[in-house]
Amino acid sequence: MKIARTPKELKEILKVNTGSVGFVPTMGALHHGHLSLIEESVRKNDITVVSIFVNPTQFLEGEDLDKYPSKFEADEKICSLAGVDVLFYPQVKDMYEDDEIKISAPNIRGCILEGYVRPGHFDGVLTVVMKLLNMVSPTKAYFGKKDAQQLALIMQMVKNFCMDVEIVALETIRESDGLAMSSRNVYLNKNERVEALKISKSLKVATKLVMQKKLTTELIKKEMFQTLEPLDIEYVAIVSRAFIPLNEVEIGNTIILVAAKLGSTRLIDNLWL
Ligand code: PAF
């Protein structure tokens with residue numbers, strides 16, 4: 001596995017490649033969720049590039065940028081064992097300069113839910129993903145469904161800017177007790193870790209109601225809130241794949257999303273129906 005520390009080094013390494021390129025952008029602290037994306041990329045492409053870059057522009061003032069888990073040695077080993085060909089590990093100064101042109105998230109889809117709670121977050125995500133996609137020029141780029149709104153906005157960016165890449169969305173990977181894997185789970189203390197299970201439980205409650213043909217979103221949200229209490233719930237939303245709020249679950253076109261805080265740790269999870 002080659003390690004590129006600057007965009008120039010990355011370009012140099014990739015210029016000899018003529019086959020398909022799979023790309024998995026990450027912020028490091030890799031877990032099984034990332035690994036599932038990497039493994040799929042390795043299976044489906046001639047070479048796989050993984051980036052590790054804790055992107056400062058997607059963190060709001062007061063968020064966890066400074067304490068975001070950093071485990072480069074472990075991440076390097078995981079990538080190497082998984083068959084990654086190139087690990088891209090740039091520094092902020094090589095990714096950004098002063099007074100840049102920025103990509104903005106769309107006014108409606110980009111400013112609800114995560115975009116409402118974390119204003120500006122998606123501008124930072126889209127800007128860095130645009131840069132990374134341009135640097136790697138992948139055939140396919142892999143993202144998890146856990147960040148459903150991020151995924152939808154990246155797909156929209158690729159469409160709106162006519163970018164030549166296929167975005168592949170893969171299922172959320174969970175711990176054996178149901179908690180969705182996240183690099184931020186390490187922040188949870190013992191009690192918060194137990195309480196966090198209410199999030200996946202609330203989605204199981206929603207699944208059960210839908211299986212009983214109880215499709216009214218108000219009813220589903222009410223029961224989910226009851227399961228989630230007394231967590232600090234930021235939102236429970238039931239939207240279409242295009243992120244338009246729904247009155248009734250439409251099978252094949254619905255995402256149920258939850259965001260809640262456990263102490264100072266924000267967790268998100270969702271269910272695609
Ligand atoms: O999902 C993430 O880890 C990040 O938002 C991403 C896509 C790597 C951009 O920094």
Side-chain angles (χ1 to χ4, degrees), residues 4 7 10 21-38 40-41 48-60 63-72 74-75 78-79 84 86-96 100 102-105 109-110 113-115 117-136 138 140-158 161 163 165-173 180-187 255 257 259 265-270:
L10 179 71
V21 179
F23 177 44
V24 183
T26 81
M27 298 207 297
L30 303 181
H31 50 66
H32 280 89
H34 297 113
L35 195 56
S36 77
L37 305 179
I38 293 171
E40 181 65 4
S41 174
T48 288
V49 179
V50 171
S51 65
I52 295 181
F53 179 62
V54 182
N55 173 38
T57 65
Q58 70 187 75
F59 288 79
L60 271 65
E63 286 190 341
D64 56 341
L65 173 62
D66 296 336
K67 66 165 187 165
Y68 197 82
S70 161
K71 301 181 177 167
F72 184 69
D75 290 348
I78 291 169
C79 288
V84 170
V86 185
L87 181 55
F88 181 42
Y89 186 53
Q91 293 180 35
V92 176
K93 69 172 173 50
D94 295 314
M95 292 294 287
Y96 288 104
E100 288 202 342
K102 287 190 187 65
I103 307 291
S104 295
R109 210 170 297 168
L113 306 173
E114 285 302 288
V117 181
R118 306 179 71 192
H121 165 70
F122 285 128
D123 298 353
V125 170
L126 294 176
T127 301
V128 83
V129 171
M130 166 77 96
K131 281 173 187 270
L132 290 165
L133 290 175
N134 285 340
M135 286 171 190
V136 178
K140 294 186 165 99
Y142 295 81
F143 294 87
K145 285 184 172 179
K146 178 169 163 288
D147 291 298
Q149 199 176 356
Q150 164 175 288
L151 173 65
L153 293 174
I154 290 169
M155 283 179 159
Q156 185 178 351
M157 177 176 76
V158 164
F161 288 92
M163 296 165 74
V165 56
E166 182 188 336
I167 301 298
V168 182
L170 296 186
E171 295 305 325
T172 299
I173 305 295
M181 291 208 182
S182 160
S183 303
R184 291 187 166 102
N185 289 350
V186 296
Y187 299 151
I255 311 174
L257 306 107
T265 308
R266 279 191 86 238
L267 295 181
I268 59 170
D269 199 353
N270 60 56

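Remember, predicted model here, so these are calculated numbers, not experimental data. Indexing begins at 1, ligand by ligand and atom by atom, following the structure's order.
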CG (Leu87) and CG (Asp75) are apart, to the nearest 0.5 Å, by 8.0 Å

What's the shortest heavy-atom distance between Lys71 and Ala29, and which atoms?
CD-CA, 4.4 Å

Salt bridge check, Glu40 against Lys140: does any charged N sit closer than 4.0 Å to a carboxylate O?
no

Answer whether the closest heavy-atom distance between the side chains of His121 and Gln149 falls below 4.5 Å.
no

Is there a side-chain contact between Phe143 and Pro25, using heavy atoms and a 4.5 Å cut-off?
yes

So do the side chains of Tyr96 and Lys131 get within less than 4.5 Å of each other, counting heavy atoms only?
yes

Could you list each N/O atom of ligand 1 together with any protein N/O atom closer than 3.5 Å, one pair per line with the distance?
{"from": "ligand 1", "atom 1": "1 (O)", "to": "Gln150", "atom 2": "NE2", "distance (Å)": "2.9"}
{"from": "ligand 1", "atom 1": "5 (O)", "to": "Gln58", "atom 2": "NE2", "distance (Å)": "2.9"}
{"from": "ligand 1", "atom 1": "5 (O)", "to": "Gln150", "atom 2": "OE1", "distance (Å)": "2.8"}
{"from": "ligand 1", "atom 1": "10 (O)", "to": "Gln58", "atom 2": "OE1", "distance (Å)": "2.6"}

